**Q** 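There's a structure below that I have some questions on.
Every value quoted in this text rests on a predicted model; they were computed, and no experiment measured them. A note on names: the letters A, B, ... follow the listed sequences, proteins ahead of strands, and every chain is numbered from 1.
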Amino acid sequence: MTDSVASRLLAWYDQHGRHDLPWHFNRNAYRVWVSEIMLQQTQVTTVIPYFNAFMERFPDVHSLASAPVDDVLGHWSGLGYYARARNLQKAAITVVDDFEGEFPQCQEQLESLTGIGRSTAAAIVAQAFGKRATILDGNVKRVLARYHAVSGWPGQTAVLKKLWEHAETHTPEERIRDYTQAIMDLGAMVCTRSRPDCEHCPLSSDCQAYARGETKLYPGSKPRKEKPEKSTWMIILEDSEGRVLLERRPPSGIWGGLWSLPELDSALGADELQEACESTLGLTCSEPELISGFRHTFSHYHLHIQPARFGITQTTVVADDDQRQWFHRDEALSLGLPAPIRTLLTEPEQAALL
DNA sequence: GACCCGTGGCT
DNA sequence: TAGCCAAGGGT
């Protein structure tokens with residue numbers, strides 16, 4: 001008779017687990033919550049510097065709730081999935097206004113906060129409050145799919161249901177914080193997607209996939225799908241003082257709520273750009289300089305970004321409204337900018353002139 | 001249930 | 001290298 005999964009995981013965790021991640025210090029519900037949101041679909045090494053900077057600027061739920069949204073998005077810039085940042089602040093305001101600044105401790109109330117679903121709520125209950133809750137993230141899915149040889153892609157409802165049931169069964173009553181961290185660490189450090197280190201795994205003695213020599217088959221892979229190609233002009237417009245024109249994107253859709261370079265219809269030819277630029281943005285500008293374009297890959301499509309640079313030949317009279325504003329480059333870089341736009345503004349685009 | 005939402009690391 | 005995937009959630 002072998003030890004339970006939980007006891008083996010805990011023993012392994014004591015020796016080999018990660019005990020010093022930034023959100024393990026000064027542990028409270030706010031820090032755990034922010035870390036869990038940042039860690040959605042995002043790897044630990046990517047999150048760490050963002051988490052530290054975010055905590056420096058927004059040390060508690062009140063500072064986050066009262067901050068300008070551009071400041072919040074600015075600290076999220078480059079992290080992706082920007083709805084997370086907008087939802088984070090909405091939830092912070094809810095916690096301040098409706099919960100007197102204290103996070104609810106039950107899973108159901110946590111899930112009522114926007115941006116917190118089943119997985120994240122369970123993680124907060126376990127990590128912040130040390131109360132029993134079952135988590136099922138990408139790491140746990142992989143560990144359990146292999147241990148129980150659960151076939152099929154975890155995106156399928158039936159497969160996901162089985163995994164949740166297994167996860168529930170293994171969740172212990174004691175040491176919940178350590179257990180949830182342990183099973184995630186095992187997935188991240190030992191039971192990795194490719195080349196799992198089964199020789200050093202505390203679960204290999206009765207792992208079904210390992211017994212069959214089929215760890216590679218689990219979890220099942222997602223069905224493939226063709227990504228459509230899209231394309232767009234991105235306009236780099238610079239006035240005589242070296243300021244750049246940016247526009248705020250609509251709240252939903254790609255890069256929602258972020259500042260970006262103005263876009264023009266991809267159907268326009270290069271010879272039509274100047275006129276389109278003048279009529280769309282309401283100004284007089286020089287001939288465009290085309291900069292080498294590049295392809296940016298999203299989850300669901302590829303976007304060919306074709307930058308064109310214009311100089312302003314006449315003093316600008318573009319409305320300084322909420323949607324479009326001139327920024328010095330250092331100002332612009334403190335805003336919420338999509339990663340490719342940040343790159344375009346940072347790297348001297350002259351170097352890439354066609 | 002299907003689709004949308006980003007970016008960087010890994011192979 | 002192009003595709004896969006990562007501490008998911010909202011619509």
**Q** Answer with base, sugar-phosphate or nothing: what part of the nucleic acid does A:G78 contact at a heavy-atom distance below 4.0 Å?
**A**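 Sugar-phosphate only.
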**Q** Does anything in residues 19-58 of chain A reach DNA chain C, meaning a heavy atom under 4.0 Å, and if so which residues?
**A**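 A:L21, A:W23, A:E36, A:L39, A:Q40, A:Q41, A:V44 - these, ordered by number, are the residues of the stretch whose heavy atoms sit under 4.0 Å from the strand.
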**Q** Reading DNA chain B from 5' to 3', where do the contacts with chain A start and stop? Cut-off is 4.0 Å to heavy atoms.
**A**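 So the outermost contacting nucleotides come out as B:dG1 to B:dT11.
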**Q** Under 4.0 Å, heavy atom to any atom of DNA chain C: which of residues 165-179 of chain A qualify?
**A**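 Heavy-atom contacts with DNA chain C come from no residue of residues 165-179 of chain A; none.
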**Q** Base, sugar-phosphate, or nothing: which does A:P154 touch, judged by heavy atoms less than 4.0 Å apart?
**A**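 Contact class for A:P154: none.
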**Q** So which heavy atom on A:W23 is nearest to which on A:V47, and how close?
**A**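 Scanning both residues completely, I find the closest heavy atoms to be CZ3-CG1, 3.9 Å.
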**Q** Using a heavy-atom cut-off of under 4.0 Å over every strand shown, decide if A:R142 touches base, sugar-phosphate, or nothing.
**A**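 Sugar-phosphate, no base atom in range.
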**Q** Using the C1' atom on both, measure B:dG1 against C:dG9 and round to a whole Å.
**A**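 Pairwise C1' distance, B:dG1 against C:dG9, rounds to 15 Å.
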**Q** Passes side-chain contact (heavy atoms from CB on, under 4.5 Å), A:V5 versus A:L203? Steps please.
**A** CA-CA 7 Å; A:V5 166; A:L203 304 184; 4.0 Å; yes
**Q** Describe, in one word, how the ring planes of A:Y13 and A:H19 are oriented to each other, choosing from parallel (under 30°), tilted (30 to 60°) and perpendicular (over 60°).
**A**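 Ring orientation of A:Y13 relative to A:H19: tilted.
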**Q** Carefully, step by step, assess A:Q127 and A:T180 under the rule side-chain contact (heavy atoms from CB on, under 4.5 Å).
**A** CA-CA 8 Å; A:Q127 293 282 353; A:T180 57; 3.0 Å; yes
**Q** In terms of the nearest nucleotide of DNA chain C, which residue is placed more toward the 5' end: A:K225 or A:Y81?
**A**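 Result of the comparison: A:K225.
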**Q** How long is the gap from CG on A:D60 to CE on A:M55, to the nearest 0.5 Å?
**A**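 Between A:D60 CG and A:M55 CE, I get 9.5 Å after rounding to 0.5 Å.
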**Q** For A:S221, which contact category applies under a 4.0 Å heavy-atom criterion: base, sugar-phosphate, or nothing?
**A**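 Here A:S221 touches the backbone only, sparing every base.
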**Q** Say whether A:H24 and A:Q181, considering side chains only, have a donor N or O and an acceptor N or O under 3.5 Å apart.
**A**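 A:Q181 and A:H24 do have a side-chain donor-acceptor pair below 3.5 Å.
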**Q** For C:dA7 and B:dA2, measure between their P atoms and round to the nearest Å.
**A**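 Per the computed distance, 24 Å lies between those P atoms.
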**Q** Does any pair with a residue in residues 42-51 of chain A pass side-chain hydrogen bond (donor to acceptor under 3.5 Å, both in side chains), and if so which ones, sequence neighbours excluded?
**A**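 Qualifying pairs: A:T42-A:R84.
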**Q** Can a side-chain donor-acceptor contact be found between A:T120 and A:Q40 if the only test is distance below 3.5 angstrom?
**A**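 Their side chains do contain a donor-acceptor pair, which is all the 3.5 Å distance test asks for.
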**Q** Distance to the ring centre below 6.0 angstrom and angle to the axis at most 45 degrees; does that hold for A:K230 and A:Y301?
**A**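 Yes; both conditions hold, so A:K230 lies above the ring face of A:Y301.
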**Q** Could I get the full list of side-chain contact (heavy atoms from CB on, under 4.5 Å) partners for A:S4, not counting sequence neighbours?
**A**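 side-chain contact (heavy atoms from CB on, under 4.5 Å) check on A:S4 returns A:A6, A:S7.
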**Q** Under a plain distance cut-off of 3.5 Å, with no hydrogens placed, do A:E168 and A:T134 share a side-chain donor-acceptor pair?
**A**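 Indeed, the side chains of A:T134 and A:E168 share at least one donor-acceptor pair under 3.5 Å.
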**Q** Evaluate side-chain contact (heavy atoms from CB on, under 4.5 Å) for A:T343 paired with A:I341, printing each intermediate quantity in order.
**A** CA-CA 5 Å; A:T343 304; A:I341 305 302; over 6 Å; no
**Q** Is the backbone of A:T171 close enough, under 3.5 Å, to the side chain of A:R132 for a donor and an acceptor to pair up by distance?
**A**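 Flag set: sc A:R132 to bb A:T171 pair under 3.5 Å.
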**Q** For the P atoms, the ones on B:dC3 and on C:dC4, what distance do you get once it is rounded to whole angstrom?
**A**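 Their P atoms lie roughly 16 Å apart.
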**Q** Can you pull out the residues from residues 82-93 of chain A that lie within a 4.0 Å heavy-atom distance of DNA chain C?
**A**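 Heavy-atom contacts with DNA chain C come from A:N87.
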**Q** Can you tell me if A:R8 and A:S205 form a side-chain donor-acceptor pair at under 3.5 Å?
**A**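 The answer is yes; a qualifying pair exists.
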**Q** Which residues pass the ring-ring contact (aromatic ring centres under 6.0 Å, His included) test with A:Y147, sequence neighbours left out?
**A**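 Partners of A:Y147 by the ring-ring contact (aromatic ring centres under 6.0 Å, His included) criterion, ordered by chain and then number, come out as A:H170.
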**Q** Where does the chain A footprint on DNA chain C start and end, counting 5' to 3' with a 4.0 Å heavy-atom cut-off?
**A**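 Going 5' to 3' along DNA chain C, contacts run C:dG3 to C:dG10.
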**Q** Tell me which residues in residues 110-135 of chain A lie within less than 4.0 Å of DNA chain C, going by non-hydrogen atoms.
**A**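 Of all residues in residues 110-135 of chain A, the ones placing a heavy atom under 4.0 Å from DNA chain C are A:T114, A:G115, A:I116, A:G117, A:R118, A:S119, A:T120.
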**Q** Taking only residues two or more places apart in sequence or in another chain, which ones pass salt bridge (charged side-chain N to carboxylate O under 4.0 Å, His left out) with A:E331?
**A**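 With neighbours one apart ignored, the set is empty.
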**Q** Return the 5'-most residue of the pair A:S194, A:H300 with respect to DNA chain B, ranking by each residue's nearest nucleotide.
**A**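 The 5'-side residue here is A:H300.
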**Q** Which residues pass the salt bridge (charged side-chain N to carboxylate O under 4.0 Å, His left out) test with A:R142, sequence neighbours left out?
**A**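 Not a single residue meets the salt bridge (charged side-chain N to carboxylate O under 4.0 Å, His left out) criterion with A:R142.
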**Q** For a side-chain contact (heavy atoms from CB on, under 4.5 Å) check, start with the C-alpha distance between A:L273 and A:L264, then their side-chain angles and the critical distance, and finish with the verdict.
**A** CA-CA 8 Å; A:L273 273 186; A:L264 290 179; 3.8 Å; yes
**Q** Quick one: list whatever passes ring-ring contact (aromatic ring centres under 6.0 Å, His included) with A:W233, sequence neighbours left out.
**A**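 Checked A:W233 against ring-ring contact (aromatic ring centres under 6.0 Å, His included); zero matches.
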